[in-house]
Amino acid sequence: MAGSGGPPEEARGPDENEQVRQRREKLSRLREAGEDPFRITAFPRTHLAAEVVAAFASLQGEEVSVAGRLTARRRHGKATFLDLLDGSGRIQLLLRENNLGEEAYRKAGELDVGDIIGVRGGVVRTRTGEVTVEAAEVTLLAKALRPLPEKWHGLKDVELRYRRRYLDLIANPESRRIFQVRSRAVRAIRNYLDRRGFLEVETPILQPIPGGALARPFITHHNALDRDLYLRIASELYLKRLIVGGLERVYEIGPTFRNEGISTRHNPEFTMLELYQAYADYQAMMELFEGVVAHAAQEALGATRVERDGETIELAPPWRRIKLLDAVQEYAGVAPEDLLDPERARAVCAEKGLPAEEGTPVSTLINNLFEAFVQPKLVQPTFVFDYPTIISPLAKARPDRPELAERFEPFIAGLELGNAFSELNDPEEQRRRFQEQVAMRAQGDDEAHPMDEDYLRALEYGMPPTGGIGLGIDRLVMVLTGSPSIRDVILFPQLRAEKSD
RNA sequence: GAGCCGUUAGCUCAGUUGGCAGAGCACCGGACUUUUAAUCCGGGUGUCCUGGGUUCGAGCCCCAGACGGCUCACCA
């Protein structure tokens, strides 16, 4: 094979097939003719596909240059229609032997679907009314050696969609749309916060003490310092140090890592918005949260309503607000007084078919009830508030009921979208909470919060009363795009190795 | 980590009771100068996920494994 003018053996990939072989041979012939497409470094594009279509009235008869990927071909002898896909969308090209000449038309016939091409030509409308570039010159800018997925069904195989996202983006317009919505939503959030005087900052991703949340971290190692570091599970404690430092409104949008299971709602690395506002409490955070989300939806989708499972979700404020225990009563039918005593609470859970082993803390029982009976019902945006202090070690307790924290979690479409509270700024109380967590860690709870003396020292310098929010960007995008899986809104979700050796 | 389902051509998918591996698109050859899932004629290009086993014979049955999806468990 290698001797028949084909490409050298070592240039081939491991999964060659007939179509790839043919394309490699075409590339070889081009190179032998001194027309190696990969030597071209630029193409003077004058218009995007969408621009040509949108400005047809003024461009008709004018010459334009467009470039992109050849995604379809319809041959009619001495005329051929091509579909060109660029970053803005699709435009049709018309190649005619009359215009190109016999030789150029023949060479254009050697193009393959998937090739990257540049075309110079006049803007016309075809007999069927489609805006089209009638080519005067066609340039191959990059050869596609592999065939594209099928044009009609696109790329359906979810594993291939995740592993080869580039193919998904080429073949499935909906996938392109999702990531455009995601980008617009994030930009809208930044604009919204910037306009309200927030400062965007970056805090360490490599942290010596992984705090700010209750979760297992990834461990890594710095060679020069010869010490283990952790990939952050939250940016919380660093951002609050900035509040101490007088940056009174700060936020960060960035990757966060939790060493836990993977599911349709969890990726080991995800994007979180965290923000902190001095002199505000969790009530103010509710208003800020619903404002951020509604604005993101408006800017990304042009509407505050989204469809999901045939139901319309209205994201415009105000959202419903309900106390955790009231929600449990409403949806699970369990009276708050039944949850005061651990024995009665366990009996109620057992009755409902939930695990209720001896010694299970009431807070866990409440959480189980909530997740089983309440959370799936919270389709419209809902703030659930007043969580047990024991599971909120960084939140300020309610002055009147210290067993409850000034904390809320927002839910949309049954998804937990974030977490927020009035930040605990009493350094002595924070130390007691940390000690409580350290004791739980000693009991084997490896998600309990570690002690962080430097954070306590910062609080000892004085932090104003502060409200804070964490918002899962990926999950918000799931809501905005109606995506059932978090993998649909993360460009390269975590998967197992493709091949095991 | 557990349960259920899936893996067949480049892509989307059929494959009957265990009996020569199939279709559409893509691709290759031919016709065609305004089509848009173009059309018409001709051509199947394959590690049936992998490794064992049963059988005269395995895509199909059995066992083990890989990868993926969904559900559950922990979390945002």
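Just so it is clear: chains get the letters A, B, ... in the order the sequence lines come, proteins before strands, and each one is counted from 1.
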Let me have a per-nucleotide readout for nucleotides 2-15 of chain B, 5' to 3', with B, S or -, counting only protein heavy atoms under 4.0 Å.
--------BBS---
Can you list every salt bridge (charged side-chain N to carboxylate O under 4.0 Å, His left out) pair that touches residues 113-123 of chain A, not counting sequence neighbours?
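Counting only pairs at least two positions apart or across chains, the salt bridge (charged side-chain N to carboxylate O under 4.0 Å, His left out) contacts touching residues 113-123 of chain A are A:E63-A:R120, A:D115-A:K143, A:R120-A:E137.
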Mind checking side-chain contact (heavy atoms from CB on, under 4.5 Å) for A:E103 and listing every partner two or more places apart, or none if nothing turns up?
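A:E103 satisfies side-chain contact (heavy atoms from CB on, under 4.5 Å) with A:R106, A:K107 once adjacent residues are dropped.
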Within the 4.0 Å heavy-atom criterion, would you say A:D445 contacts the bases, only the backbone, or no part of the nucleic acid?
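Nothing, no nucleic acid heavy atom in range.
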Look through every strand shown and name the nucleotide pairing with B:A38 as Watson-Crick or G-U wobble, where both distances are under 3.5 Å.
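Partner of B:A38: none.
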Electrostatic pair A:R265-A:D474, nearest N-O below 4.0 angstrom:
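The answer is no: the pair does not qualify as a salt bridge.
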Tell me, please, which residues at least two apart from [X] pass salt bridge (charged side-chain N to carboxylate O under 4.0 Å, His left out).
{"X": "A:E287", "result": "none"}
{"X": "A:E371", "result": "none"}
{"X": "A:R177", "result": "A:E174"}
{"X": "A:E447", "result": "A:R216"}

Enumerate the residues from residues 66-75 of chain A whose closest heavy atom to RNA chain B is under 4.0 Å, giving them by residue number; use none for an empty result.
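By residue number: A:R73, A:R74, A:R75.
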Check: residues 77-89 of chain A side-chain donor-acceptor pairs under 3.5 Å, at least two apart:
from: A:T80; atom 1: OG1; to: A:Y105; atom 2: OH; distance (Å): 2.7
from: A:D83; atom 1: OD1; to: A:R74; atom 2: NH2; distance (Å): 3.0
from: A:D83; atom 1: OD1; to: A:R90; atom 2: NH1; distance (Å): 2.5
from: A:D83; atom 1: OD2; to: A:R74; atom 2: NH1; distance (Å): 3.3
from: A:D83; atom 1: OD2; to: A:R90; atom 2: NH1; distance (Å): 2.9
from: A:D86; atom 1: OD1; to: A:S88; atom 2: N; distance (Å): 2.7
from: A:D86; atom 1: OD1; to: A:S88; atom 2: OG; distance (Å): 2.7
from: A:D86; atom 1: OD1; to: A:G89; atom 2: N; distance (Å): 3.1
from: A:D86; atom 1: OD2; to: A:A49; atom 2: N; distance (Å): 2.7
from: A:S88; atom 1: OG; to: A:A49; atom 2: N; distance (Å): 3.2
from: A:S88; atom 1: OG; to: A:A50; atom 2: N; distance (Å): 2.8

